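Bear in mind that the values here come from a model prediction, so they are computed numbers and not experimental data. Every chain is numbered from 1, with letters handed out A, B, ... down the list of sequences.
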Amino acid sequence: MPRVVTRFAPSPTGHLHLGGARTAVFNWLLARHFGGTFCLRIEDTDLLRSKQEYTDSILASMRWLGLDWDGEPIYQTQRTDLYNAYVERLLQSGHAYYCDCTPEQVEAMREKARKLGEKPRYDGHCRERGLGPGPGRCVRLKLPASGRVAFDDMVKGPIAVDIAELDDMVIRRADGMPTYNMAVVVDDHEMGLTHIIRGDDHVSNTPKQILLYEALGLAVPKFGHVPMILGKDKQKLSKRHGAKAVIEYEKDGLLPQALVNYLARLGWSHGDQELFSMEELIRYFDGTNLNPSAACFDDVKLAWCNAHFMREMPLEKLCDLVHPFVQQAGLGDLANERLRPLCVMFRERASDLVGLAESFRPLVVSAEALSYTEKDTKKHFTKAGAVHLHALAAILANTDFTAEALEAALNAYVADNGLRFKEVAPPLRTALMGFMGGSHLNEIMAFLGQKETLARLERACALCEACPE
RNA sequence: GUCCCCAUCGUCUAGUCGGCCCAGGACAACGGCCUUUCACGCCGUCAACAGCGGUUCAAAUCCGCUUGGGGACGCCA
């Protein structure tokens with residue numbers, strides 16, 4: 001197999017969204033799998049809507065996802081001369097011609113075709129007029145009189161379209177700027193693209209581009225059109241239907257690895273495997289096993305995937321990642337020595353970094369600031385609960401605050417008094433956490449330390465007194 | 001309207017060129033085990049080949065039609 005070159009070519013008219021991200025993932029994976037090159041091209045020819053801040057945002061999201069590109073990104077606005085050279089070539093070889101039809105005239109042609117039950121298109125009015133350059137004149141590609149354009153799509157298989165369905169498309173606007181299809185073909189060729197994986201919405205552009213390659217006498221790359229991603233309700237993913245930018249997932253505390261894994265799995269499969277390391281993804285993704293039908297995005301499964309990676313990743317790394325989220329939650333600047341035990345206790349109870357940071361709250365705030373749920377205080381801060389809390393306070397005042405010693409102390413209290421853990425744990429847990437949740441009691445107390453633990457017991461005891469029963 | 005594409009559990013999907021599939025895995029849901037809580041983990045249950053015709057000894061797998069989705073028809077990208 002010759003060297004593989006792929007690309008991701010976003011328009012900087014918005015942040016990187018899920019669909020684009022998946023396309024990028026596929027192209028990146030294909031290049032990495034074959035030890036090829038993955039290029040980035042910024043399609044910023046739409047001067048009105050393109051913005052530098054979006055380019056920056058897209059690049060930032062790519063980096064966050066871990067999708068590194070080779071070489072410098074290419075900007076289409078800087079290559080007008082290149083495109084024009086190709087347009088000239090087409091003009092010279094008789095594959096293109098000038099056209100002075102006004103938009104109104106062209107619209108009338110389209111309308112006429114529509115009325116005839118045909119596909120609306122330009123009728124080739126200026127084809128043989130031999131017009132030269134001039135103001136208000138665009139350049140159109142002269143299509144072959146008949147025939148079919150066929151290609152073998154990597155995901156959809158053979159696709160063929162009758163040339164009669166197409167029209168002499170504009171390749172250079174009257175203002176001298178190349179049109180999308182022209183620029184894409186020139187760039188894809190100049191950049192040496194061998195494989196182009198892109199969204200479904202481009203299948204109808206593909207025959208036009210192939211015709212351009214042929215008119216130019218260039219080798220046609222391999223195309224792969226992945227279906228678009230649908231929302232939960234089977235609707236097209238749009239702003240209204242939960243379309244989110246990658247940057248938002250980052251803010252929501254998702255792990256890039258989880259998003260890449262989930263995205264890769266959407267429309268691609270490797271047998272029954274669901275979870276992959278980056279290495280595995282690269283090893284298995286070879287451009288086959290791509291699913292031709294559209295897939296719905298399911299953030300519940302994404303959350304599961306994320307939770308998995310939160311549990312599996314190295315503890316130190318998790319601490320680093322959760323740190324900013326802890327600060328953002330208003331829990332202060334916790335040192336790693338504090339973060340570490342918290343992560344150990346709560347990592348398997350959260351499905352994202354925001355949730356993880358939030359789960360630290362009860363153990364990080366002071367005894368006075370701890371809030372209790374009404375449900376659990378009502379249920380566990382009873383007379384009987386108070387008895388245990390008082391007894392425990394006395395015992396814990398003389399206990400080593402290590403997880404082992406605390407566990408032994410708790411067990412001893414239960415055994416010595418002929419109790420069951422079930423009777424003692426709920427009031428203690430509620431006193432410590434404010435609700436019936438959290439990790440093992442001994443770990444919680446070891447983290448809190450003696451002073452804080454006793455303060456919480458004291459406050460809980462006071463609340464018990466206030467209870468009617 | 002015209003052309004192109006798609007169609008397996010609620011969702012993501014497996015299903016090597018038809019037989020081992022009265023359809024497998026995962027998420028979700030539900031039930032159970034574990035357990036001081038919540039989780040994790042483990043076990044189990046529910047649940048799908050859009051419909052109709054062919055071809056064949058045999059079809060989720062091949063062909064046709066229907067229906068239902070989606071996309072494209074710009075001097076936007």
Around atom CD of A:Glu374, are there more than 12 heavy atoms of other residues, nucleotides or ligands at under 6.0 Å?
no
For the pair made of CD in A:Glu118 and C1' in B:rA72, what is the distance, rounded to whole Å?
17 Å
Ignoring the backbone of A:Ile159, work out which of B:rC12, B:rA77, B:rC5 is nearest its side chain.
B:rC5
Does any donor-acceptor pair link the side chain of A:Asp272 with the base of B:rG24 at a separation under 3.5 Å?
yes
When you compare B:rC17 with B:rC12, how far apart are their C1' atoms, in angstrom units rounded to a whole number?
26 Å
Can you tell me, in whole Å, how much space there is between the P of B:rA23 and that of B:rC63?
24 Å
Please work out whether the ring planes of A:Phe285 and A:Phe26 are parallel, tilted or perpendicular, with thresholds of 30° and 60°.
parallel
On the side chain of A:Arg349, is there an atom forming a donor-acceptor pair with the base of B:rC38 - under 3.5 Å, no angle test?
yes
Checking B:rC73, B:rC75, B:rA77 against the side chain of A:Gln76 (C-beta onward), the nearest is B:rA77
Between the main-chain N or O of A:Arg283 and the side-chain N or O of A:His33, is there a donor-acceptor pair closer than 3.5 Å?
yes
From the options B:rA28, B:rG25, B:rA72, select the nucleotide whose nearest atom is closest to the side chain of A:Arg265.
B:rG25
Closest-nucleotide ordering on RNA chain B, the 5'-leading residue of A:His270 and A:Glu43
A:His270
Let's test your reading of the model: under 3.5 Å, does the base of B:rG41 pair with the side chain of A:Glu348 as donor and acceptor?
no
Below 3.5 Å, does any donor atom in the side chain of A:Lys301 face an acceptor in the base of B:rA28, or the other way round?
no
Using the side-chain heavy atoms of A:Thr179, tell me which of these nucleotides is nearest: B:rC75, B:rC73, B:rU37.
B:rC75
Separation of B:rU35 C1' from A:Leu428 CG (nearest whole Å):
17 Å
For the side chain of A:Ser293, counting heavy atoms from C-beta on, which of B:rU2, B:rU36, B:rA7 is nearest?
B:rA7
I need the minimum non-hydrogen distance between A:Leu193 and A:Pro221, along with the two atoms involved.
O-CB, 3.6 Å
Once you apply the 3.5 Å cut-off to both distances, tell me the Watson-Crick or G-U wobble partner of B:rG74, or none.
none
Aromatic-base stack, A:Trp304 on B:rC27, cutoff 5.5 Å, angle under 30
no
Using atom types as modelled and distance alone, determine if a side-chain donor or acceptor of A:Arg361 lies under 3.5 Å from a backbone N or O of A:Ala329.
yes
Using Watson-Crick or G-U wobble geometry with both distances under 3.5 Å, which nucleotide pairs with B:rC52?
B:rG64
A:Asn442 or A:Gly271: which one's nearest nucleotide on RNA chain B is closer to the 5' end?
A:Gly271
